[in-house]
Amino acid sequence: MHRRTFFQAAAAAVAAAPAQSSPQQISGRKSNLKAGTQHGDSDDILRACAAFGVNHICGRLPSEKFDEKWTTEALRRHREHVESFGISLAALPLPLSSHYITKSENPNIMLGKSPDRDREIDNICRMIRNSAEAGIRLLKYNMSILGVVRTKSTPGRGGATYSTFRYAEAPDKDKLTEAGPVSSEAAWERIAYFVQRVMPVAEENKVRLACHPHDPGMPEPEGYRGVHRVLGSVEGLKRFISLSNSASHGLNFCQGTVSEMLKNPGEEIYDVIRYFGSRGRIFNVHFRNIKGTFGNFQETFPDNGDVDFIKPARTYKSVGYDGMLMPDHVPTIQGDTGKAQAFAYCFGYIQAMIQLVNQES
């Protein structure tokens, strides 16, 4: 997506909206949902966010490695610059992105290769400490080998193109990745190794770490390309949060990805939100919809999927979630340069949902 083009167009498409309150940790008090985004923090983006009334963002990745951009002073300047637009830098990504393993910034953590993974984890811990000192209290990350897996896109509403995954059509199912065979046991060992080492640092520094689920989940016992995606099921996510009882340990709850795990997302997603939300383990929400079921789905516009979006918004409020709802993976429309109009539509839709549920008793 061409960010400058998108946000220049988006800023011109909406009127300014009043600022919302600063982000706070989930505490069981009255919820105050907030629109958010994770598309970056250039000046063009920040101007457009201010116009949308999107006053809380997850900023760009400062750097793929631990360097001068991850120093406390650099992060503080970053936060203060964002705040100069009336926007809270509510979160940052760690260099643990949703990339295929050969493109991972810190591959040895999920390859399980010591001592290299220990060095990478030590650097992550330094990033956590420096973020806390700079006043940034939420960091998101992935534990990925396969990255985001999709098959050929398919037609959607009005001729839009929807990102699609159909396991039956996925290529090279038996071709191993560069990581080789990764059993469920091996995957859990690597994930637990990371969590057990970073969580005490996060807790000491009062930083929350939000992990994204595997997108999409893969069937068992087949897996995909020799990899078993243990964070690709609700039971796997339950096991994940049980790895630590720290209040710093939780989820970047991608509602679309979790819906992809379910046989009937339009009926089942609300109980999943209640399970993790009532335990205070939802730290951020990617608020997107799908049409379909496990192993066979399209990513749709918010109002064109199987989940009635008013219901999850009310469910987040009911469990006291007080964070951001972000658009994610918007469809492609012919002639919509940089997906500007698609994103503008999603931002407006999310703001309407928030206005509705925040005003309800």
Side-chain angles (χ1 to χ4, degrees), residues 23-36 140 162-163 165 208 210-217 229-242 247 249-330 346-361:
Q24 298 183 25
Q25 290 193 6
I26 298 167
S27 60
R29 66 178 181 80
K30 185 177 179 181
S31 173
N32 183 29
L33 301 173
K34 306 166 181 69
K140 65 172 188 171
Y162 288 171
S163 175
F165 179 71
R208 294 182 296 165
C211 183
H212 194 291
H214 287 152
D215 182 11
R229 306 201 92 176
V230 297
L231 303 184
S233 70
V234 174
E235 290 306 312
L237 296 179
K238 290 179 179 179
R239 180 172 172 177
F240 174 75
I241 66 167
S242 75
H249 179 52
L251 298 173
N252 183 12
F253 190 86
C254 180
Q255 184 178 301
T257 300
V258 175
S259 295
E260 297 161 13
M261 303 173 183
L262 307 174
K263 292 183 179 179
N264 187 354
E267 297 295 331
E268 300 173 49
I269 189 64
Y270 318 109
D271 284 342
V272 182
I273 295 170
R274 278 187 282 268
Y275 180 90
F276 293 106
S278 65
R279 289 162 173 79
R281 299 304 184 106
I282 298 179
F283 295 167
N284 186 52
V285 174
H286 291 174
F287 201 46
R288 65 175 173 86
N289 211 343
I290 71 160
K291 184 179 292 186
T293 186
F294 177 76
N296 185 4
F297 62 84
Q298 297 174 300
E299 296 180 284
T300 71
F301 285 108
D303 61 324
N304 190 225
D306 291 339
V307 177
D308 178 350
F309 254 37
I310 298 174
K311 292 181 180 179
R314 286 173 172 154
T315 307
Y316 292 118
K317 179 182 177 182
S318 74
V319 297
Y321 175 67
D322 200 31
M324 295 181 285
L325 302 181
M326 296 179 171
D328 188 41
H329 297 191
V330 300
C346 291
F347 278 127
Y349 195 95
I350 290 171
Q351 288 285 46
M353 294 295 96
I354 289 172
Q355 184 177 17
L356 173 67
V357 302
N358 279 347
Q359 289 179 353
E360 293 176 342
S361 59

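This is a predicted model, so every value here is computed, not measured. Each residue takes its place number in the sequence, starting with 1.
A donor-acceptor pair under 3.5 Å links the side-chain atoms of Arg229 to the main chain of Asp215, judged by distance alone. Using modelled atom types, one side-chain atom of Arg279 and one backbone atom of Tyr275 make a donor-acceptor pair closer than 3.5 Å. With hydrogens and angles ignored, the 3.5 Å screen pairs a side-chain donor or acceptor of Lys317 with a backbone N or O of Glu360. A donor-acceptor pair under 3.5 Å is absent between the side-chain atoms of Thr293 and the main chain of Glu260, judged by distance alone. Side-chain N or O atoms of Arg288 include none that pairs as donor or acceptor with a backbone N or O of Gln255 at under 3.5 Å. In this structure, His214 contributes its side chain and Leu231 its backbone to a donor-acceptor pair below 3.5 Å.
Among all heavy-atom pairs drawn from Asp308 and Tyr270, the shortest one is N-OH, 3.6 Å. Closest heavy-atom contact between Ile350 and Ala35: CG2-CB, 4.3 Å. Of all heavy-atom pairs spanning Pro312 and Val307, the tightest one is CG-CG1, 3.9 Å. The two residues Pro265 and Ile290 have their closest heavy-atom pair at CG-CD1, 4.2 Å. Nearest heavy atoms, His212 versus Cys254: NE2-CB, 3.3 Å. Heavy atoms only, all atoms of each residue included: Val357 and Ala313 are closest at CG1-CB, 3.9 Å.
Considering OH of Tyr349 and CG of Asn304, their distance stands at 10.0 Å, rounded to 0.5 Å. With rounding to the nearest 0.5 Å, the separation of OG in Ser259 from CD1 in Ile273 is 7.5 Å. For the atom pair CZ of Phe287 and CD1 of Ile354, the computed distance is 8.0 Å after rounding to the nearest 0.5 Å.
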Side chain to side chain contact (heavy atoms under 4.5 Å, CB included) assessment of Ile269 paired with Thr315: CA-CA 10 Å; Ile269 189 64; Thr315 307; over 6 Å; no
Working note: Asp306 + Asn289, criterion side chain to side chain donor-acceptor pair (under 3.5 Å); need CA distance, chi angles, decisive distance, verdict. CA-CA 7 Å; Asp306 291 339; Asn289 211 343; over 6 Å; no
Worked verdict on His249 versus Phe240 for side chain to side chain contact (heavy atoms under 4.5 Å, CB included): CA-CA 9 Å; His249 179 52; Phe240 174 75; 3.2 Å; yes
Might you work through the side chain to side chain contact (heavy atoms under 4.5 Å, CB included) test for Glu299 and Asp328, ending with a clear yes or no? CA-CA 9 Å; Glu299 296 180 284; Asp328 188 41; 5.5 Å; no
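In this structure, the side chains of Val272 and Leu237 stay at 4.5 Å or more apart for every pair of heavy atoms. Residues Arg314 and Lys311 form no side-chain contact, since every pair of their non-hydrogen atoms from C-beta on lies 4.5 Å or further apart. Met326 places a side-chain heavy atom less than 4.5 Å from the side chain of Asn284.
Exactly one residue among Phe283, Phe276, Tyr316 makes a ring-ring contact (aromatic ring centres under 6.0 Å, His included) with Tyr321. That residue is Tyr316. With Gln355 as the partner, the side-chain contact (heavy atoms from CB on, under 4.5 Å) test is satisfied by one option alone out of Gln359, Gln351, Met353: Gln359.
Using a 4.0 Å cut-off between charged nitrogen and carboxylate oxygen, Glu268 and Lys263 do not count as a salt-bridge pair. A salt bridge links Lys34 with Asp322: the closest approach of a Lys/Arg side-chain nitrogen to an acidic carboxylate oxygen falls below 4.0 angstrom.
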